[in-house]
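Take a look at the structure set out below.
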Amino acid sequence: MTPLQMVDLKSQYLRLKPELDAALIEVLDSTRFIGGPKVDAFAQNLAQYLGVKHVIPCANGTDALQIAMMALGLKPGDEVIVPTFTYVATAEVIALLGLVPVMVDVDPKTFNITADLIEPAITSRTKAIVPVHLFGQSADMAPIMALAEKHGLYVIEDNAQAIGATYTFPDGSRKKTGAIGHVGCTSFFPSKNLGCYGDGGAMMTNDDELAAKLRMVANHGQSRQYYHDVIGVNSRLDAMQAVILDLKLRHLDEYNAARAAAAGRYDEAFAALPQLVTPYRDPRSTHVFHQYTLQVVDGDRNALQKFLAERGVPSMIYYPVPLYNQAAFAHYWKGGTLPVTEHLCKTVISLPMHTELDDQTQQYIIEQVFLMMNDK
Ligand SMILES: *Cc1c(COP(=O)(O)O)cnc(C)c1O
């Protein structure tokens with residue numbers, strides 16, 4: 001058996017190899033490496049898939065968040081509300097721009113921020129909210145959008161982990177995550193649900209004026225060549241990544257279905273272990289399972305991770321430390337603890353999850369978890 005991996009990119013590549021290699025050679029032959037028709041085609045196809053008017057590609061997901069905040073005109077001292085249980089990039093760009101990250105707790109079932117948790121954190125300086133659709137499931141966006149409208153706030157979706165997920169509004173209408181807020185941001189890091197073979201990212205919006213600003217900021221603040229209206233950055237997706245993404249986009253629904261099927265098999269097996277809590281399925285969102293994250297509510301999470309590692313099963317702790325306990329963010333914190341985030345940081349463990357998980361591999365992983373859990 002080849003060593004187990006959290007994410008098996010090699011097997012996925014081999015299935016696409018003939019088409020992918022041909023597409024890459026075409027880019028090499030064209031020597032149109034930056035920008036150009038391949039990048040535009042991918043952006044258009046992604047916009048169509050997401051049901052959004054504009055997709056603006058950029059260099060990575062972190063840049064997407066930063067450019068979004070710059071294009072929205074956020075100014076030093078403005079407060080931006082973020083979950084404390086997230087990847088650091090979400091809050092990092094806020095601090096980098098001189099804005100103030102205001103960290104709030106998350107819902108114990110979905111691991112996402114909710115309107116109820118956000119509202120008490122709103123002050124006269126609040127300008128934006130960044131919901132993160134953590135692990136592949138949408139935050140409950142209808143109440144968040146209503147709250148934002150009431151207070152005149154921007155909503156910047158961090159959709160790096162949930163591309164392809166669908167949110168259902170109370171009236172039954174549905175939208176893809178990333179297409180709900182004023183601007184959506186995503187990452188095409190190789191291990192994301194739609195990943196390239198390098199770095200990549202994108203922003204999405206239905207607002208024509210904002211789309212123009214996002215493009216401008218991503219391209220040195222230039223409105224036309226060599227005329228620079230605002231201070232911008234240099235952040236672009238290259239054509240090689242674009243053709244890879246365009247090809248993989250055609251398989252995204254099938255990839256997400258394979259992840260959901262694997263998650264279903266884990267769920268079914270772990271239902272027999274009361275020490276574990278399996279991922280909650282919010283009826284308002286589909287779940288694209290960027291991660292399959294268990295909570296060890298009775299037992300030693302770290303011992304489980306060690307036991308699995310000894311038996312060749314990789315696992316990850318996303319995330320071990322609340323944002324406010326990170327040294328870089330401590331001075332933004334008023335003190336105290338947020339109970340749900342603290343609990344999650346101590347109990348969560350993510351198992352291998354990707355598009356190529358077969359029954360036999362998964363059975364092996366499940367057996368090892370049972371061995372440890374039944375042994376106590
Ligand atoms: C991956 C990720 C990012 C950053 O994306 P990069 O492409 O690595 O810069 C931001 N937010 C979340 C929640 C992520 O998972």
Side-chain angles (χ1 to χ4, degrees), residues 6-7 9 42 46 55-70 80-97 99 101 103-104 106-107 110-113 128-139 141 155-165 177-178 180-181 183-204 214 218 233-238 241-242 244-245 248 256 259 285 287-293 316-323 326 328-329 341 344-345 348 350 353-354:
M6 280 302 284
V7 181
L9 291 176
F42 165 64
L46 183 60
V55 164
I56 299 101
C58 64
N60 57 67
T62 309
D63 274 9
L65 290 160
Q66 179 180 333
I67 294 163
M69 289 174 202
M70 291 171 76
V80 181
I81 296 175
V82 292
T84 38
F85 189 62
T86 184
Y87 183 56
V88 67
T90 319
E92 184 178 41
V93 298
I94 297 171
L96 204 59
L97 293 173
L99 315 172
M103 300 172 260
V104 301
V106 295
D107 178 82
T110 63
F111 311 152
N112 287 324
I113 54 174
I129 304 166
V130 187
V132 180
H133 307 305
L134 204 72
F135 302 152
Q137 191 164 234
S138 181
M141 290 301 288
V155 175
I156 303 162
E157 294 178 78
D158 183 342
N159 196 32
Q161 300 190 1
I163 198 154
T177 54
I180 303 169
V183 53
C185 298
T186 203
S187 163
F188 304 124
F189 186 79
S191 63
K192 307 283 178 174
N193 289 39
L194 178 62
C196 56
Y197 295 165
D199 272 310
M203 298 152 290
M204 48 227 58
L214 291 164
V233 299
N234 171 25
S235 186
R236 39 198 184 204
L237 184 74
D238 68 73
Q241 304 309 334
I244 293 164
L245 289 164
K248 287 177 79 173
N256 284 342
R259 288 171 177 273
S285 174
H287 201 319
V288 296
F289 284 98
H290 178 59
Q291 299 298 341
Y292 183 86
T293 304
M316 294 292 284
I317 309 302
Y318 301 119
Y319 297 93
V321 180
L323 209 52
Q326 299 283 1
F329 290 92
T341 296
L344 293 176
C345 289
V348 289
S350 299
M353 172 51 72
H354 51 81

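Both counts, for ligands and for their atoms, begin at 1 and track the order of listing. Keep in mind that this is a model prediction, so the values were computed, not measured. One is the number of the first residue; the rest follow in order along the sequence.
A centroid separation of less than 6.0 Å is found between the aromatic rings of Phe42 and Phe188.
Separation of atoms OG (Ser235) and CE (Met203) is listed at 6.5 Å; rounding is to 0.5 Å. Note that the CG atom of Leu323 and the OH atom of Tyr87 stand 12.0 Å from one another [nearest 0.5 Å]. Atom CD1 of residue Ile113 and atom CG of residue Asp107 lie 11.0 Å apart, to the nearest 0.5 angstrom.
An N or O contact shorter than 3.5 Å is missing between Phe188 and ligand 1 by distance. Polar contact with ligand 1: present for Asp158 (N/O pair, distance under 3.5 Å).
In this structure, atom 8 (O) of ligand 1 lies nearest to the protein heavy atom Ser187 OG, 4.1 Å. Taking atom 4 (C) of ligand 1 as the reference point, the nearest protein heavy-atom neighbour is Thr62 OG1, 3.5 Å.
Compare Gln161, His133, Lys192 by their heavy atoms: the one nearest to atom 2 (C) of ligand 1 is in Lys192.
Two residues are said to be in side-chain contact when any heavy atoms from C-beta on lie closer than 4.5 Å; Val132 and Val82 fail this criterion. Residues Pro131 and Val155 have side chains in contact (heavy-atom distance under 4.5 Å, counting atoms from C-beta outward).
Listed by atom number, the atoms of ligand 1 under 4.0 Å from Val132 heavy atoms are 13 (C). Each of the atoms 7 (O), 9 (O) of ligand 1 lies under 4.0 Å from some heavy atom of Asn60.
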